[in-house]
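Working notes for the structure below.
The figures that follow rest on heavy atoms only: side chains count, while hydrogens, waters and symmetry mates do not. So that the names make sense, note that chain A is the first sequence line, chain B the second, and so on, each numbered from 1.
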Amino acid sequence: MERLKNRRDFLRLAKGRKWITPGLIVQAAPRPPIGADRAPPRCLRVGFTVTKKVGNAVERNRVRRRLIASTRALLPQYGKCGVDYVVIGRRATLTRPYERLLDDLKGALIKLGHVQSRTTKA
RNA sequence: UCAGAUGGCCGGAUGGCUGCUCCGCUUUGGCGGGGAGGAAAGUCCGGGCUCCACGGAAACACGGUGCCAGGUAACACCUGGCGGGGGCGACCCUAGGGAAAGUGCCACAGAAAGCAAACCGCUCUGACUUUGGUCGGAGUAAGGGUGAAAGGGUGCGGUAAGAGCGCACCGCGUCUCCGGUAACGGCGGCGGCACGGUAAACCCCACCGGGAGCAAGACCAAAUAGGGGCGGCAUUUAAGCGGUUUCCGGCGCGCCGCCCGGGUAGGUCGCGCGAGGCGGCUGGCGACAGCCGUCCCAGAUGAAUAGUCAUCUCCCGUUUUUAAAGACGGGAACAGAACCCGGCUUAUAGGCCGUCUGGCUUU
RNA sequence: GCCGCCGUAGCUCAGUGGCAGAGCGCGCCCUUGGUAAGGGCGAGGCCGAGUGUUCAACUCACUCCGGCGGCA
């Protein structure tokens with residue numbers, strides 16, 4: 001699973017589809033075609049955003065770690081190959097029970113999968 | 001036992017499953033080991049380190065510091081002491097040089113706010129007088145009133161009334177002596193009040209300070225633009241060279257010769273052995289220093305040090321119970337390294353250890 | 001990482017040691033047949049928080065809190 005690190009990628013994902021749950025927000029967009037000379041990237045790519053509104057440094061780090069742990073558990077199963085994801089932490093990510101956080105992520109990924117397939121069909 | 005004062009320490013523990021980062025080994029499957037803080041924070045000071053032709057000296061400017069002695073690499077920090085203030089006390093607070101170098105300010109009130117003066121008064125006295133007083137002269141600052149502050153304070157004597165006019169004590173100034181390294185303290189003599197406050201107002205004095213900051217800086221290297229580096233000659237002909245001026249020295253300009261680089265958040269280094277931690281001994285009241293032994297202890301860069309479960313520890317609530325104790329539920333602070341170190345300041349649930357003071361009770 | 005600026009009435013801002021002010025807004029009254037404009041009167045502030053200097057602090061000093069901006 002590759003990590004998104006560039007500002008350019010985050011700006012592109014911000015224009016894509018978005019699903020909001022109590023525990024987190026997921027953005028998704030299909031990967032743009034890249035030059036053939038580049039090395040073929042991994043199937044799944046994901047980035048994380050936790051803003052200063054969430055809390056201080058300790059709380060932001062903890063939110064990010066919980067998001068990393070949950071995506072590592074679910075994304076290989078529910079994520080679509082060739083689609084980039086950005087997971088945004090919220091204030092509730094800090095205190096939401098872990099099982100509910102997993103449910104939030106699973107639901108968001110499934111919903112975005114439907115949306116993605118419908119748009120590609122249309 | 002109650003109420004306080006003060007110094008120091010800890011900052012949940014263990015295990016299972018699944019993971020992260022760095023290092024080492026590797027049969028490339030993995031295995032082993034290290035992995036946040038006392039403040040990592042604020043960026044308020046002091047340094048190391050790196051670069052900038054500010055390399056050296058002096059003066060001015062600017063900024064900072066400001067009782068004394070010591071500690072330290074250094075400091076605005078720390079230790080010990082002194083003076084002042086607070087507290088019954090343990091103890092706490094203290095930007096604490098100079099107001100006789102000069103300038104400014106002291107609103108309102110008040111007669112008067114810095115130089116001494118006199119509003120209501122007080123005393124003596126002259127004139128007039130309707131016998132109540134009115135107007136003047138001289139002396140005075142005790143009393144009244146204003147103010148944050150009124151030119152020493154209290155008491156006695158003294159006087160027409162008063163006044164350091166005289167005396168005693170206190171305070172102030174000054175001189176000698178004594179103790180102390182010093183700040184300062186003490187005894188005594190003299191003066192007789194002349195010298196108000198404010199320097200976190202300008203200022204004066206003493207001391208300190210070049211600037212920027214690891215995104216410093218070095219190296220490897222796409223694209224793109226055209227210069228750049230080294231050496232020699234010449235030594236002022238120009239702007240200028242990190243606040244200004246002066247002096248000394250140098251750079252920068254030009255010519256010749258040789259060489260090829262430049263650097264965009266791409267990568268590598270800088271980047272973890274240090275004014276280091278722990279233990280002991282010695283010196284010192286102490287801060288601290290010296291010696292010996294021992295240990296190697298985070299190095300990320302969309303940024304690791306975790307996710308989750310269980311048990312235990314502590315706290316709170318409900319409930320069963322005479323109680324002990326149990327069951328259920330909830331909670332366990334402030335907060336995350338980003339070049340490093342010494343301080344300061346600020347945030348911090350709960351707990352532990354020591355020393356001391358005052359009160360009460362008992363012996 | 002380093003540096004600077006600003007917090008004063010509901011809003012935008014003055015004030016530079018002794019009074020807390022201006023404009024807009026708000027309330028009441030006048031004016032008008034009515035409204036706007038205009039005029040008059042008035043309310044509204046522990047000057048971001050704390051400590052200190054001073055007789056006296058929005059002002060001076062220090063420490064925090066919050067906001068905004070700049071540099072590489």
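When the P atom is used for both B:G86 and B:A107, the distance is 29 Å, rounded to whole Å. Rounded to a whole angstrom, the distance from the P atom of B:A5 to that of B:C93 is 12 Å. Atom name C1', nucleotides B:G343 and B:C288: the rounded distance is 16 Å, in whole Å. Here the separation of B:G262 from B:A223, taken at their C1' atoms, is 13 Å to the nearest Å. Distance noted for atom C1' between B:C22 and B:A306: 16 Å (whole Å). For the P atom pair drawn from B:U244 and B:C175, the interatomic distance equals 49 Å after rounding to whole Å.
With a 3.5 Å ceiling on both atom-pair distances, the Watson-Crick or G-U wobble partner of B:U357 is B:A3. The partner of B:A109 is absent, by the rule that a Watson-Crick or G-U pair needs both atom distances under 3.5 Å. Taking a pair to require two hydrogen-bonding distances under 3.5 Å in either a Watson-Crick or a G-U wobble arrangement, B:U320 pairs with B:A325.
Following rounding to the nearest Å, A:L101 (CG) and B:C309 (P) show an atom-to-atom distance of 12 Å. Between A:F48 atom CZ and B:A303 atom C1' the separation is 14 Å, expressed in whole Å. Protein atom CG of A:L67 is 13 Å distant from nucleotide atom C1' of B:G302, rounded to whole Å. Atom CG of A:L24 and atom P of B:G307 are 17 Å apart (whole Å).
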Given Watson-Crick and G-U pairs under 3.5 Å, RNA chain C in dot-bracket ([ ] crossing, | other strand) is ((((((((.[[[[.)..(..]]]].(((((.......))))).....[[[[[..)....]]]]]))))))).

Under 3.5 Å, which N/O atoms of the protein pair with N/O atoms of nucleotides 16-19 of chain B?
| from | atom 1 | to | atom 2 | distance (Å) |
| --- | --- | --- | --- | --- |
| B:G19 | O2' | A:R72 | NH1 | 3.0 |

What nitrogen or oxygen pairs link the protein and nucleotides 333-338 of chain B at under 3.5 Å?
none

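By the side-chain contact (heavy atoms from CB on, under 4.5 Å) test, A:S70 pairs with A:Y98, A:L102, A:L105, sequence neighbours left out.
Here B:C51 is in the anti range [glycosidic angle more than 90° from 0].
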